[in-house]
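Single-structure report; data block below.
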Amino acid sequence: MNKAVVLCLCLCMSATAFAQDALEIMTEVQRRSRTNSQHYEGTLQVTSDNSRVTEKRWVYDRIGAHGSSKAVLKFTAPAEVKGMALLILNHPDRASDQWMWTPAINRERRIALQDRSTRFFGTDFTFEDLEERDVSQYDYRLLGEEAIAGVPSWKIESTPKRAKGSQYTHSYVWVRKNDYVVARMEGYKRDKLVRSISYSDIAKVQNTWTARRLEVHDPGRNSRTVLVLDRLEYNVTLKDEDFTLQALRRQS
Amino acid sequence: VRLFGALLLLTGIAAGQGFTHRGFIDLRVLAFPQTAPNDSSHAIGEALLRYEASRAVLPGLRVHAGFDARTDTHHQTERSARLDWQDRGVKRPAFSVRRLSAVYGRRGVTAEIGKQFVRWGKTDILTPTDRFAPRDFLAVVDNDFLSIPAARLTWERGPLTVDTVWQVRFTPSRTPLLNQRWAVLPEQTRGVAISDLGARHPGGSAFGLRANYIGRGFDAAMSFYDGWNHLPLLDGTIQLLPPTAFVERYYAQLRTYGVDASVPLPWFVVKGETAWFTSTTPTADEYVQYVLQLERTAGEWVFVGGYADEHVTLRRNPLDFAPDRGLARAFLGRASYTIDVNRSFAFESAVRRNLDGVWLRGEYSQAFGQHWRATAGITLIRGETTDFLGQYRRNSHATIAIRYSF
């Protein structure tokens with residue numbers, strides 16, 4: 001009886017330690033990527049299942065850090081969507097608030113939580129993929145180690161603490177052991193892979209290791225979006241008052 | 001001319017930091033299988049150049065300008081080369097200032113002065129609280145918003161936004177031309193010459209106040225408007241010899257009290273909007289108009305469906321042109337499907353509760369490269385002559401449009 005209790009305790013302790021390791025890794029990922037602000041110009045190439053390629057461009061600005069950051073993503077091309085913008089207000093304890101601004105009708109539309117799993121403007125990103133969530137919103141489990149593009153990485157399972165808070169029932173994240181940069185993410189709905197994101201062209205930008213090329217794959221549609229980050233800068237001077245609905249109206 | 005100069009000055013400084021611009025050239029052909037009693041044409045060609053530019057001139061201060069140039073084959077557009085600022089003409093101006101405003105923002109306060117667009121409300125298919133938004137209704141079912149000369153002050157603090165608007169000068173909605181198919185004249189006027197006596201525009205200004213609160217699971221707003229209805233009442237007189245009907249447009253004083261809200265639920269986003277329309281004009285009705293709308297995004301589909309209705313609190317039986325009231329007691333819907341990154345399909349409908357009027361539109365749109373888009377659509381209108389939608393039953397049409405965006 002005593003042996004069984006001890007064995008049980010040992011198992012619990014080792015499981016806790018394993019979970020702790022995963023959380024520590026993800027916390028370190030977040031700590032190392034923490035910056036006060038970010039700016040980049042993104043070029044997206046969307047390749048549909050019939051190999052048709054479309055290019056879009058946006059400018060992205062973020063102020064604040066994980067969990068409480070605010071971001072504005074504004075399209076600059078193609079011409080017919082120029083000026084359309086997405087405002088994202090991230091929260092430490094729940095999913096973000098998002099609004100889409102359409103200059104042609106001078107109105108904003110709040111993106112409902114249940115719409116976050118829909119594709120963002122014909123790209124393979126969903127609205128949820130554009131959020132920045134705090135590590136505390138997930139439970140983590142370290143599954144083992146695998147090499148991604150030849151770099152040894154931890155494979156971690158992340159599960160949203162609130163079941164309905166995410167389109168993904170669980171995700172696998174590969175974190176490079178040498179620099180704590182996320183190299184790959186796979187999002188699942190139950191057992192079905194619905195989205196994968198590969199991170200590459202990883203370089204140190206203003207002391208922060210950053211992937212400057214993201215490739216998103218939607219297996220259901222067999223389409224692919226490549227996002228390349230240009231003119232990437234961290235800790236740029238941005239004003240909090242430029243991350244509001246009124247600011248979107250002022251600028252459009 | 002001074003305005004045009006200002007536009008040129010603004011848009012010419014393209015190299016400056018903070019300068020953005022966009023625009024398009026839109027060419028479209030509308031084909032009508034049936035003629036109308038007052039319009040024998042079967043096809044209309046339209047061309048529109050729209051250019052919008054914006055420039056940051058000082059920290060926090062931005063100037064916006066927009067310009068339209070258009071023409072058509074059906075004389076819906078003026079043939080004179082003047083630059084229009086007021087949007088008060090019966091026809092569309094050939095050249096017009098779409099927007100010219102300066103907007104300043106600092107510490108949660110945004111002030112905008114000039115010709116601008118002010119949009120209130122949350123629902124899409126009918127917006128009773130959207131009182132500063134006159135439209136061009138020359139083709140009733142394909143309408144476009146007109147800007148207004150106004151001063152607007154918006155204060156934003158956390159989840160609360162308070163918006164005050166002072167419209168300096170009245171801008172009416174543009175109504176269908178009497179000699180064209182979207183003006184459906186009574187049977188009794190057959191053989192009678194119709195003479196448009198123009199419009200009596202109110203002289204005063206309009207004021208509006210709206211407070212919007214963004215909650216954790218909802219958005220809600222209350223609004224107040226005191227001004228004029230941009231949709232006209234009609235004054236008609238008959239002269240026997242020679243038989244002539246004289247029609248004059250005038251505009252009712254209007255005060256509205258409105259509420260709008262949006263609540264995302266697990267399966268739908270529910271949007272609701274209502275406004276109580278009161279008036280001191282002796283010939284204008286008083287009524288409550290409301291809309292309930294459901295939205296749902298599922299994969300590549302977007303569904304919007306709702307019901308609009310009104311309850312008349314004081315009936316004065318005015319002779320009017322009121323497309324918003326014409327859509328009351330109707331089920332309204334829109335479904336759009338994104339086929340792929342370049343192609344989409346949309347279907348819209350308005351069906352009167354008593355089935356006396358039906359409006360259906362299907363539209364296929366495809367982008368080519370970075371600049372071109374082609375759209376083909378069919379609009380079907382059916383119903384009784386006594387119904388707002390049904391009266392346009394001879395105006396079913398097909399549309400082909402090509403747009404170059406830049």
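Labels below follow one simple rule: chain letters A, B, ... track the order of the sequence lines, proteins then strands, and each chain is numbered from 1. Note that the structure is a prediction, hence the values are computed from the model and not measured.
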Is any side-chain N of the basic residue among [X] and [Y] closer than 4.0 Å to the acidic one's carboxylate O?
X: A:E241; Y: B:R106; result: no
X: B:R403; Y: A:E80; result: no
X: A:D93; Y: B:R216; result: yes

Check whether any side-chain heavy atom of [X] sits under 4.5 Å from a side-chain heavy atom of [Y], and report yes or no.
X: B:T297; Y: A:F127; answer: no
X: B:T127; Y: A:R107; answer: yes
X: B:P264; Y: A:R110; answer: no
X: B:T161; Y: A:T244; answer: no
X: B:R62; Y: A:R250; answer: no

Over 12 non-hydrogen atoms of neighbours within 6.0 angstrom of [atom1] in [X]:
X: B:W155; atom1: CH2; answer: yes
X: B:R157; atom1: CZ; answer: no
X: A:D230; atom1: CG; answer: yes
X: B:I402; atom1: CD1; answer: no

Checking heavy atoms, do the side chain of [X], its backbone, both or neither come under 4.5 Å from chain A?
X: B:E156; value: side chain
X: B:R373; value: side chain
X: B:N342; value: side chain
X: B:Y404; value: neither
X: B:D144; value: neither
X: B:I339; value: backbone
X: B:A133; value: neither

Contact summary for [X] and [Y], nearest pair of heavy atoms:
X: A:R52; Y: B:R343; value: NH1-NE, 3.7 Å
X: B:R22; Y: A:G83; value: NH1-CA, 4.0 Å
X: A:A104; Y: B:R98; value: O-NH2, 4.3 Å
X: B:V269; Y: A:A112; value: CG2-CB, 3.2 Å

Original post:
Which bit of A:E108 is near chain B, if near means a heavy-atom gap under 4.5 Å: side chain, backbone, both or neither?
Top reply: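 When you check distances to chain B, no heavy atom of A:E108 falls under 4.5 Å.
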
**OP:** Could you tell me whether the side chain of B:Q370 and the main chain of A:A77 form a donor-acceptor pair under 3.5 Å?
**Re:**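 Side chain of B:Q370 to backbone of A:A77, a donor-acceptor pair under 3.5 Å: no, none is there.
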
**OP:** Taking B:H371 for its side chain and A:A79 for its backbone only, find out whether a donor-acceptor pair lies under 3.5 Å.
**Re:**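 No; judged by distance alone, with no hydrogens or angles, the pair does not exist.
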
Original post:
Does a side chain donor of either A:R249 or B:T154 reach within less than 3.5 Å of an acceptor in the other side chain?
Top reply: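 Yes, a side-chain donor-acceptor pair sits under 3.5 Å.
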
**OP:** Go through the steps to decide whether A:L245 and B:I214 satisfy the test side chain to side chain contact (heavy atoms under 4.5 Å, CB included), and finish with yes or no.
**Re:** CA-CA 11 Å; A:L245 285 171; B:I214 299 170; 4.0 Å; yes

